[in-house]
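Inspection log for the structure reproduced underneath, given as structure tokens.
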Amino acid sequence: MAYDLSALRLDRSRPLREQIYPMVRGLILSGAIGPGEIIDEKAIAAQLSVSRTPVREAVKRLADEHLVEVVAQSGTRAARVDRKAIEESFLIRRALEMESAARAAGQMRQAHADRLHDILARHARAVDQRQFADAIARDDEFHRAISEISDLPRLWSTIEISKAQLDRCRHMMLPLAGQAEATLEQHREIIRGLNSGDPARAAAAMKAHLDAAYRSTVAVLDGPGLNQAVAD
């Protein structure tokens, strides 16, 4: 097991499974636990100084999201990257986020624009400093903020679950030359669409952004040395 959770501290006053779930999920999405790699529940429990029960409960939740698969006589593994699952993830995310942007366009105020520009500035700094994990976090913060502006409070949690398969590819994509810069410019266009107050323009900007990201994802998956991880 290449990852080390021993430095993490759990809040014993809160349900342990609710804290372990995002930890293990993050390891899978970031690639720290690679496709097909064994998830050693016993080792994770030992590192966190907990029983195996909350770890098993967290892993079960990840299995429900198709991020983990339990193989008879082989143990629990991170699910392999599946092309159809990625396409389905993309289609669901695009539909929800286009609606989110369209709704947000009618709700935009100066405070909302200022918030989005602030996130964009922090995203750009992370890219400049090649802090790719932070850049991905700022990207998510930008999209989450739009869902909050749209006043659809449960939308982001649905998007976050549906885009998990896409997220596994993002850590491979962002270090590619020009990819992060293209994302930043697309986010600027989304802000312009939102500020216009035109739902159709905002939705179109969001669609163009997500379509471009998906094309880049497919190109990465089809690239040399990566497609062996993809279940066709």
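Keep in mind that what you see is a predicted model, and the values were worked out from it rather than measured.
When every heavy atom of D134 is checked against every heavy atom of A126, the shortest pair comes out as OD2-CB, 3.4 Å. Summarising the geometry of A58 relative to I20, their closest heavy-atom pair is CB-CG2, 3.9 Å, with the distance given to 0.1 Å. Residues S150 and S100 come closest through the heavy atom pair CB-O, 3.4 Å. When every heavy atom of C169 is checked against every heavy atom of I86, the shortest pair comes out as SG-CD1, 3.8 Å. Considering all non-hydrogen atoms of both residues, P199 and G197 come closest at CD-O, 3.2 Å. Closest approach of L194 to A101, counting heavy atoms only: CD2-O, 3.4 Å.
Both Y21 and I33 belong to a common hydrophobic cluster when Ile, Leu, Val, Met, Phe, Trp and Tyr are linked at side-chain heavy-atom distances under 4.5 angstrom. Under a hydrophobic clustering in which Ile, Leu, Val, Met, Phe, Trp and Tyr are joined whenever their side-chain heavy atoms come within less than 4.5 Å, directly or via other members, V50 and V59 fall into the same cluster. Tracing side-chain contacts under 4.5 Å through hydrophobic residues (I, L, V, M, F, W, Y), one never reaches I159 starting from I28; they form parts of separate clusters. At a threshold of 4.5 Å between side-chain heavy atoms, the hydrophobic network of Ile, Leu, Val, Met, Phe, Trp and Tyr places I92 and V81 in two separate groups.
Other residues, nucleotides and ligands place more than 12 heavy atoms under 6.0 Å from the NE2 atom of H112. Residue R154 qualifies as open at atom CZ: its count of foreign heavy atoms under 6.0 Å is 12 or below.
The residues E65 and R25 are annotated as salt-bridged, a charged nitrogen and a carboxylate oxygen being separated by less than 4.0 angstrom. Checked for salt-bridge contact, E57 and K60 miss the test: no charged N lies under 4.0 Å from a carboxylate O. Salt bridge absent: R144 and E97 never bring a charged side-chain N and a carboxylate O closer than 4.0 Å. The existence of a salt bridge linking E88 and R93 is excluded, since no basic side-chain nitrogen approaches an acidic carboxylate oxygen closer than 4.0 Å.
The distance from the CG atom of D167 to the CD atom of E160 is 8.0 Å, given to the nearest 0.5 Å. From M108, atom CE reaches atom CD1 of I191 across 7.5 Å, with rounding to the nearest 0.5 Å. Distance OG/S49 to CG/L5: 11.0 Å, rounded to 0.5 Å. For the atom pair OG (S196) and CZ (R201), the distance works out to 5.0 Å, reported to the nearest 0.5 Å. Distance check, rounded to the nearest 0.5 Å: CG of L96 to CE of M206 gives 11.0 Å. To the nearest 0.5 Å, the span separating CD1 on I38 from OG1 on T76 amounts to 7.0 Å.
Contact annotation: the side chain of I146 never approaches that of W156 to less than 4.5 Å [non-hydrogen atoms, C-beta and beyond]. By the 4.5 Å heavy-atom criterion applied to side chains, K163 and D140 are counted as neighbours. Between R103 and L155 the shortest side-chain heavy-atom distance does not fall below 4.5 Å. Annotation: side chain of R115 is in contact with side chain of E148 (closest heavy-atom distance under 4.5 Å). For the pair I119/R122, a side-chain contact is recorded, criterion being any heavy-atom separation below 4.5 Å from C-beta on. Within the 4.5 Å cutoff, side-chain heavy atoms of L16 are placed close to those of R12. Contact of the E87 side chain with the Y214 side chain is registered, since non-hydrogen atoms from C-beta on lie closer than 4.5 Å. Between D11 and Q19, some side-chain heavy-atom pair lies under the 4.5 Å cut-off.
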Inset, instruction - Evaluate salt bridge (charged side-chain N to carboxylate O under 4.0 Å, His left out) for E41 paired with R77, printing each intermediate quantity in order. - result: CA-CA 10 Å; E41 295 178 10; R77 299 176 180 271; over 6 Å; no

Inset, instruction - Starting from the C-alpha separation in whole Å, work towards a yes-or-no answer on salt bridge (charged side-chain N to carboxylate O under 4.0 Å, His left out) for R192 and E189. - result: CA-CA 5 Å; R192 288 190 282 268; E189 183 58 32; 3.0 Å; yes

Inset, instruction - Begin from the C-alpha positions of Q165 and L67 and carry the test side-chain contact (heavy atoms from CB on, under 4.5 Å) through to its verdict. - result: CA-CA 8 Å; Q165 298 298 337; L67 289 173; 3.7 Å; yes

Legend entry - Candidate pair E18 and R61, rule salt bridge (charged side-chain N to carboxylate O under 4.0 Å, His left out), full reasoning: CA-CA 10 Å; E18 298 299 327; R61 184 173 170 185; 3.1 Å; yes

Inset, instruction - Let me see the working for V55 and I39 under side-chain contact (heavy atoms from CB on, under 4.5 Å), right down to the final yes or no. - result: CA-CA 10 Å; V55 177; I39 298 175; over 6 Å; no

Inset, instruction - Walk me through it: do M23 and I44 pass the test side-chain contact (heavy atoms from CB on, under 4.5 Å)? - result: CA-CA 10 Å; M23 291 178 188; I44 292 172; over 6 Å; no

Inset, instruction - Could you give me the CA-CA distance, side-chain angles and deciding distance for F142 and I190, then say whether side-chain contact (heavy atoms from CB on, under 4.5 Å) is met? - result: CA-CA 10 Å; F142 180 86; I190 290 169; 4.2 Å; yes

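When the ring-ring contact (aromatic ring centres under 6.0 Å, His included) test is applied to H209, the partners found at least two apart in sequence or on another chain are H143, H187. Scored by the side chain to side chain donor-acceptor pair (under 3.5 Å) test, R94 finds D211 as partners (sequence neighbours excluded).
S89 places a side-chain N or O within donor-acceptor distance of the main-chain N or O of S162, the cut-off being under 3.5 Å.
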